[in-house]
Amino acid sequence: MKKILVVDDEEMIRTLISMVLSDTYEVVTASSGIEAIELYGKETPDLVLLDLMMPEMDGYTTLETLHDKYGQSILAIFLTSDVKEESESRGFETGARDYIKKPVQPEVLKRRIAIILENEDNLKELRKNSQTDTMTGLLNRKHTEYEINRLLDAGEEGVFIIMDVDNFKPVNDIYGHGKGDEILMAVTRILKDSFRKTDIIGRLGGDEFVAFCKGEEAAGMVGLWNKFFNETIVEEAKNILGEDMSIPLGISMGAVETSVVKKSFNALYEAGDNALFEVKKNGKHGYRFYEKEEKEITDGRINLFELLEIFGARNKATQPVELGKEGFQEIYRYMQRLQDGIGIEAVATLITITSSDGNVEKVTKEISDVLLEIIYEKCIVCDVVLKLSEYQYMLILPSVYIEDSNRRLDEIKEAWSKSQYSDYELILD
């Protein structure tokens, strides 16, 4: 049952509203802004009904203090007998979701609350879907990267681990993709049961998983985890595929401590991937920690195969590549050379998000992320993405025929027009 906090200095109003809402919601009350601020921390209500005109601390100040203390995600409705337009405008500027004039009509109040709570639940579901892998429920690649970078930026130390299911392809080939999905779900259960609640677990795609384990002491657990994973996955696979299953399934792990490389997801991924490659090369089903010298190309003679293994991507790409400014600039210059040399076509596009009044400052990270998800969905593996700011992205879209690049841009615009932020304009230059 959802919980509502009713804040009003008049006891009769508090009692009447409680009677109206108590059949649908759990109701708690406060007689002042000061009491509401303290009670909010104890009760964590889903929505606050807040009287605007109260002694000592008015509704505006109360909501601003709640935001400062508990964050900006508080749902609040102002209740007031003040009919001035400027008070309503100030209420929305303070962060209220709605503004209801007294005397309150019971059915109007219940309907307004229901709409706000339903919209919030829908937004939470959209956020969850944009952050998680559809099949496993783990974090998807984009949000895994975001969460790990957030911890690293906050100074968190720990161990980054890349995990790859050994010999997974024969499962799909022999038993079908349905059984392959069951194996991946089994891997997910094993990882969730093994890692701590404070650790971050994500699926990057296919049979590739990653984890970020907080604390330097986590390094001592990697070997134990690897042993447990490899014993358990065989048991799970036989339960799914039958006791006569003979595919040598296992899990290989490449680990890297945050003290060894630059503290960013990309740096940790590259180092962990190098360590994982060494495991794969030496028999699979094991683990290895990254050491700095593994990253360098040796000064001695090296053959082409080894060099391509070092330079190449281990997994087949499924999404466009997102780069920083320097990498994007190099790709742009190289595409110019291809165009001049052999006539490969490419479209360079700047996409800008603006509000209906042309204000780019109103574009939040949440809005920007929706556009990035659309770009990832509509672009192909050879496309290149650069995020310039929350409201601007630049794309390079190579194609044999220029019409193919333009079609992808049209699909991005169409998808944006159907998104929840379609009231924001998308400008393509």
Stepwise ring-ring contact (aromatic ring centres under 6.0 Å, His included) check, Phe229 with Phe195 | CA-CA 11 Å; Phe229 294 164; Phe195 290 117; 5.8 Å; yes
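- Side-chain contact between Tyr391 and Thr354: absent, with no pair of heavy atoms (C-beta onward) separated by less than 4.5 Å.
- Using a 4.0 Å cut-off between charged side-chain N and carboxylate O, Arg203 and Asp133 make a salt bridge.
- Side-chain contact between Asp23 and Lys110 is present, with at least one heavy-atom pair separated by less than 4.5 Å.
- Salt-bridge annotation for Glu157 and Lys263: present, with a side-chain N of the basic residue lying under 4.0 Å from a carboxylate O of the acidic one.
- Glu403 has no carboxylate O lying under 4.0 Å from a charged side-chain N of Arg407, or vice versa, which leaves the two without a salt bridge.
- With sequence neighbours left out, Phe265 forms a ring-ring contact (aromatic ring centres under 6.0 Å, His included) with Phe160.
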Show which side-chain atoms of residues 11-19 pair as donor or acceptor with protein atoms under 3.5 Å away, not counting sequence neighbours.
{"residue": "Arg14", "atom": "NH1", "partner": "Asp8", "partner atom": "O", "Å": "2.7"}
{"residue": "Thr15", "atom": "OG1", "partner": "Glu11", "partner atom": "O", "Å": "2.9"}
{"residue": "Ser18", "atom": "OG", "partner": "Arg14", "partner atom": "O", "Å": "2.7"}

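- In this structure, Leu388 and Lys325 have side chains that are in contact, with non-hydrogen atoms separated by less than 4.5 Å.
- For Tyr146, the ring-ring contact (aromatic ring centres under 6.0 Å, His included) partners at least two apart in sequence or on another chain are His143.
- Side-chain contact, Arg408 with Ser399: a donor N or O sits under 3.5 Å from an acceptor N or O.
- The side chain to side chain contact (heavy atoms under 4.5 Å, CB included) test applied to Glu64 returns Thr94, not counting sequence neighbours.
- For Lys2, the side chain to side chain donor-acceptor pair (under 3.5 Å) partners two or more places apart in sequence, or in a different chain, are Asp121.
- The minimum heavy-atom distance linking Ala30 with Leu39 is given by the pair CB-CD2, 4.3 Å.
- Electrostatic pairing of Lys42 and Glu38 counts as a salt bridge here, judged by a charged N lying under 4.0 Å from a carboxylate O.
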Do Asp166 and Lys280 pass the salt bridge (charged side-chain N to carboxylate O under 4.0 Å, His left out) test, and can you show the C-alpha distance, the side-chain angles, and the key distance before you say yes or no?
-> CA-CA 8 Å; Asp166 299 324; Lys280 293 282 192 179; 2.5 Å; yes
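- Atoms OH and CZ, from Tyr269 and Arg141 in turn, are 5.0 Å apart once rounded to the nearest 0.5 Å.
- Here the closest heavy-atom approach between residue Ala237 and residue Met245 is recorded as CB-CE, 3.6 Å.
- Sorted by first then second residue, the salt bridge (charged side-chain N to carboxylate O under 4.0 Å, His left out) pairs that include residues 419-429, not counting sequence neighbours, number zero.
- Panel note: side chain Asn230, backbone Asn226; a donor-acceptor pair is recorded below 3.5 Å.
- Residue pairs meeting the side-chain hydrogen bond (donor to acceptor under 3.5 Å, both in side chains) criterion with at least one partner in residues 45-63, sequence neighbours excluded, are Asp51-Lys102, Asp58-Thr61.
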Is there a side chain to side chain contact (heavy atoms under 4.5 Å, CB included) between Met54 and Val7 once you walk through the steps?
-> CA-CA 9 Å; Met54 295 184 292; Val7 188; 3.9 Å; yes
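- The shortest non-hydrogen separation linking His67 to Gly95 is CE1-CA, 4.0 Å.
- The CG atom of Asp164 sits 8.5 Å away from atom NZ of Lys284, with the distance rounded to the nearest 0.5 Å.
- Ion pairing of Asp153 with Arg150 is absent here, as no side-chain N (NZ or NE/NH1/NH2) approaches a carboxylate O to less than 4.0 Å.
- The shortest heavy-atom contact between Val256 and Phe289 is N-CD2, 4.5 Å.
- Take Lys192 and apply the side chain to side chain donor-acceptor pair (under 3.5 Å) test, not counting sequence neighbours, and it matches no residue.
- No side-chain heavy atom of Lys387 sits less than 4.5 Å from a side-chain heavy atom of Leu372.
- Across all non-hydrogen atoms, the minimal contact from Asp9 to Pro55 is OD2-CD, 3.5 Å.
- Not counting sequence neighbours, Thr349 has no partner by the side chain to side chain donor-acceptor pair (under 3.5 Å) test.
- Counting heavy atoms of neighbouring residues, nucleotides and ligands inside a 6.0 Å radius, atom NZ of Lys169 does not exceed 12 of them.
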Using atom types as modelled, flag every donor-acceptor pair under 3.5 Å from a side chain in residues 179-190 to any protein atom, sequence neighbours excluded.
{"residue": "Thr188", "atom": "OG1", "partner": "Leu184", "partner atom": "O", "Å": "2.9"}
{"residue": "Arg189", "atom": "NH2", "partner": "Glu236", "partner atom": "OE1", "Å": "3.4"}

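- The side chain to side chain donor-acceptor pair (under 3.5 Å) search around Gln420 returns none, not counting sequence neighbours.
- Residues Asp410 and Lys413 form a side-chain contact, since some pair of their non-hydrogen atoms from C-beta on lies under 4.5 Å apart.
- Inter-residue side-chain proximity for Val347 and Glu345 is flagged as unmet; no heavy-atom pair is nearer than 4.5 Å.
- Counting heavy-atom neighbours within 6.0 Å of Tyr334 OH, excluding the residue itself, gives a total of 12 or less.
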Before giving the answer on side chain to side chain contact (heavy atoms under 4.5 Å, CB included), spell out for Tyr70 and Thr44 the whole-Å C-alpha distance, their side-chain angles and the decisive distance to 0.1 Å.
-> CA-CA 9 Å; Tyr70 300 108; Thr44 58; over 6 Å; no
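- Distance alone, capped at 3.5 Å, is enough to place a donor-acceptor pair between the Glu35 side chain and the Ser31 backbone.
- The line from OH of Tyr421 to CD1 of Ile353 is 10.5 Å long, rounded to the nearest 0.5 Å.
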Check against side chain to side chain contact (heavy atoms under 4.5 Å, CB included), Val363 and Ser355 = CA-CA 7 Å; Val363 179; Ser355 61; 6.0 Å; no
Could you walk me through whether Tyr25 and Leu47 pass the side chain to side chain contact (heavy atoms under 4.5 Å, CB included) check?
-> CA-CA 10 Å; Tyr25 306 103; Leu47 184 141; over 6 Å; no
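- Within the 4.5 Å cutoff, the side chain of Trp225 has no heavy atoms near those of the Leu191 side chain.
- Here salt bridge (charged side-chain N to carboxylate O under 4.0 Å, His left out) pairs that include residues 358-372, with residues two or more places apart or in two chains, are Arg127-Glu366, Lys142-Asp369, Asp357-Lys362, Lys365-Asp369.
- Atom SG of residue Cys379 and atom CD1 of residue Ile412 lie 4.0 Å apart, to the nearest 0.5 angstrom.
- Of all the heavy atoms in Leu50 and Gly59, the pair that sits closest is CD2-O, 3.3 Å.
- The line from CG of Leu5 to OH of Tyr40 is 8.5 Å long, rounded to the nearest 0.5 Å.
- By the neighbour-count criterion of 12 heavy atoms within 6.0 Å, atom OH of Tyr332 is sparsely surrounded, having that number or fewer from other residues, nucleotides or ligands.
- Residue Ile115 holds its CD1 atom at 8.5 Å from CG of Asp98, rounded to the nearest 0.5 Å.
- Residues Val384 and Phe328 are in side-chain contact: their nearest non-hydrogen atoms beyond the backbone lie under 4.5 Å apart.
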